[in-house]
Number of protein chains: 2
Amino acid sequence: MKSLADTSTGPANSWELCSNSAIRRASRRLGQLYADVLAPSGLRATQFGLLTQIRTLGEPTLRTLADALVMDLSALGHTLKPLIRDGLVTLAPDPQDRRARRAHLTRKGLAAYARGVELWKEAQSRFDAQFGKKESAALRRALDLIASDEFAAGFTVQKIAAPKK
Amino acid sequence: MKSLADTSTGPANSWELCSNSAIRRASRRLGQLYADVLAPSGLRATQFGLLTQIRTLGEPTLRTLADALVMDLSALGHTLKPLIRDGLVTLAPDPQDRRARRAHLTRKGLAAYARGVELWKEAQSRFDAQFGKKESAALRRALDLIASDEFAAGFTVQKIAAPKK
DNA sequence: TTGATTTAGTGGTATATGCCACTATATGGA
DNA sequence: TCCATATAGTGGCATATACCACTAAATCAA
């Protein structure tokens, strides 16, 4: 396998040129690898991520959850549908703000999540083993940065400040 | 914005823990940013990537294209539908292998691609400016590695060799 | 040659995700 | 108080992407 530090060869293909295509491509691959490992839990990789966020945030409103996931609010609503249908998640109105709905994990949802965590640990440790623990952590930091609002603001501001230059 | 090299703070959130969730999240964000820039071309970011690959590979069979994109063959077929419907791409049977179909860019497809390229350059240069040119290249190498068959093989082999351990 | 197996694609179905239009609720003034 | 605006969600529609079952064609083997 080509080392990460190897810059000797030129761009072997166009993926090394377009950040967006490259990240989608890697996303598809990694999604498959994680999906295979998580399959016994009955959860898709994305669903596991969703449950994890709900768990982490407590009982977030959909708005909060969508922001944390850097996801469109309506997309989140759609994505939650199967989980609600299968009884892993419920939505309850927020008494403080009657527009809002808060996501809860049901007992069944917690159980699925617990199974998922065990499998996820396996997947993550394989990833770290294959990619390098240090590199893995660095990659996640980089991805976290790209996903941040600050990054988007900086990217977009350039458009306004210098539309064509 | 937090520097990439900054390891002083602990995991601020669960994204720094799960590579798969992190990459999907960054993917969503970056997809939005590129989509906004590419919008005037009438192409989605994914569609631009698709046209680029077809262009790069010549007149690839769907199988070849799917492999290059690390995409399921049937998913590719579905994704191509809008482009075929809109007359940007055509599929022609391969005389050598009558099972295969080769993707071609039409004149209209080439024109859309050309418009896309100009916009893409703008997006890519904004990305490089925001993320750092060197870091950007390194990131693409890392993503390319993750997407590679070798990476997948190494990841999967661990399952067989050491199921739990 | 012919039958078993593999490979390329297609169509159906399901999830993932985005945009837009619309409703309900909250909020910030005049 | 009451209206203008902003915010939270929902539903419809479109694309992105996966799996499965199925067909057609190529390939391999006896």
Side-chain angles (χ1 to χ4, degrees), chain A residues 20-21 23-36 38-39 42-51 53 60-67 69-86 88-89 91-103, chain B residues 20-21 23-36 38-39 42-51 53 60-67 69-86 88-89 91-103:
Chain A
N20 185 53
S21 296
I23 202 172
R24 291 193 79 86
R25 186 162 167 265
S27 221
R28 283 190 291 266
R29 173 74 81 183
L30 205 54
Q32 288 296 302
L33 298 178
Y34 273 70
D36 289 347
L38 282 169
L43 293 171
R44 308 299 191 84
T46 45
Q47 297 179 330
F48 174 70
L50 212 39
L51 296 189
Q53 269 312 288
T61 64
L62 296 192
R63 178 71 270 167
T64 300
L65 196 49
D67 287 344
L69 290 159
V70 185
M71 188 180 292
D72 179 82
L73 174 60
S74 82
L76 172 64
H78 294 314
T79 304
L80 278 175
K81 287 262 162 70
L83 294 170
I84 294 171
R85 180 199 58 202
D86 297 341
L88 305 185
V89 172
L91 297 185
D94 181 328
Q96 257 60 59
D97 183 341
R98 287 187 306 171
R99 291 170 303 181
R101 285 164 159 268
R102 292 182 174 276
Chain B
N20 185 53
S21 296
I23 202 172
R24 291 194 78 87
R25 186 162 166 265
S27 221
R28 283 190 291 266
R29 173 75 80 183
L30 205 53
Q32 288 295 302
L33 298 178
Y34 273 70
D36 289 347
L38 282 169
L43 292 171
R44 308 299 191 81
T46 46
Q47 297 179 329
F48 174 70
L50 212 38
L51 297 188
Q53 269 312 289
T61 64
L62 296 192
R63 178 71 269 167
T64 300
L65 196 49
D67 287 344
L69 289 159
V70 186
M71 189 179 294
D72 179 81
L73 175 59
S74 83
L76 173 63
H78 292 313
T79 303
L80 239 21
K81 287 260 161 74
L83 293 170
I84 294 171
R85 181 199 58 201
D86 297 342
L88 306 185
V89 172
L91 297 185
D94 181 329
Q96 257 61 57
D97 184 339
R98 287 187 305 170
R99 290 170 303 180
R101 285 162 157 267
R102 291 183 175 277

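Letters A, B, ... are given to chains in the order of the sequence lines, protein chains preceding strands, and every chain is numbered from 1. Quick caveat, the model's predicted, so the values are computed rather than measured.
Residue A:Arg85 is in sugar-phosphate contact alone, with no base atom involved, counting any heavy-atom pair closer than 4.0 Å across all strands shown. Across all strands shown, A:Leu73 has heavy atoms under 4.0 Å from base atoms, whether or not it also approaches the sugar-phosphate.
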Test side-chain contact (heavy atoms from CB on, under 4.5 Å) on B:Leu33 and B:Leu30 and set out the steps.
-> CA-CA 5 Å; B:Leu33 298 178; B:Leu30 205 53; 4.3 Å; yes

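Whole-Å rounding puts the A:Leu38 CG to C:dA16 C1' distance at 16 Å. Computed from coordinates, the B:Leu69 CG to D:dT17 C1' distance equals 12 Å when rounded to whole Å. Remark: P of C:dG18 and CZ of B:Arg24 are 10 Å apart, rounded to the nearest angstrom. Counting to the nearest Å, the P atom of D:dT10 and the CZ atom of A:Arg63 are 12 Å from each other. Note: CG (B:Leu65) to P (D:dA16) measures 13 Å, nearest angstrom. Atoms CG (B:Leu80) and P (C:dA8) sit 16 Å apart, rounded to a whole Å. Atom C1' of nucleotide C:dA16 and atom CZ of B:Arg28 are separated by 9 Å, given to the nearest angstrom. Per the geometry, CZ belonging to B:Arg25 stands 18 Å off P belonging to C:dA16, to the nearest Å.
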Reading nucleotides 19-29 of chain D from the 5' end, what letters show protein touch, with B for base, S for backbone sugar-phosphate only, - for no heavy atom under 4.0 Å?
-> BB---BBS---

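Of the two residues near DNA chain C, A:Thr46 and B:Arg101, the one whose nearest nucleotide lies more 5' is B:Arg101.
Here the side chains of A:Leu69 and B:Arg28 are in contact, with some heavy-atom distance below 4.5 Å. The shortest distance between side-chain heavy atoms of A:Leu62 and A:Leu80 falls below 4.5 Å.
Nearest to the side-chain atoms of A:Leu62 among the listed nucleotides C:dG9, C:dG18, D:dG9 stands D:dG9. The listed nucleotides are D:dG11, C:dG11, C:dT17; the one nearest the side chain of A:Lys81 is D:dG11.
The shortest non-hydrogen separation linking A:Leu65 to A:Ala103 is CD2-CB, 4.4 Å. The nearest pair of heavy atoms linking A:Gly49 to B:Ser21 is CA-OG, 3.8 Å. Nearest heavy atom pair, residue A:Ser27 against residue B:Ser27, reads OG-OG, 3.8 Å.
The backbone N or O of B:Leu88 lies less than 3.5 Å from no partner atom in the side chain of B:Asp86, so there is not a single donor-acceptor pair.
Between D:dT17 and A:Arg44, no contact under 4.0 Å exists linking OP1 or OP2 to a side-chain N or O.
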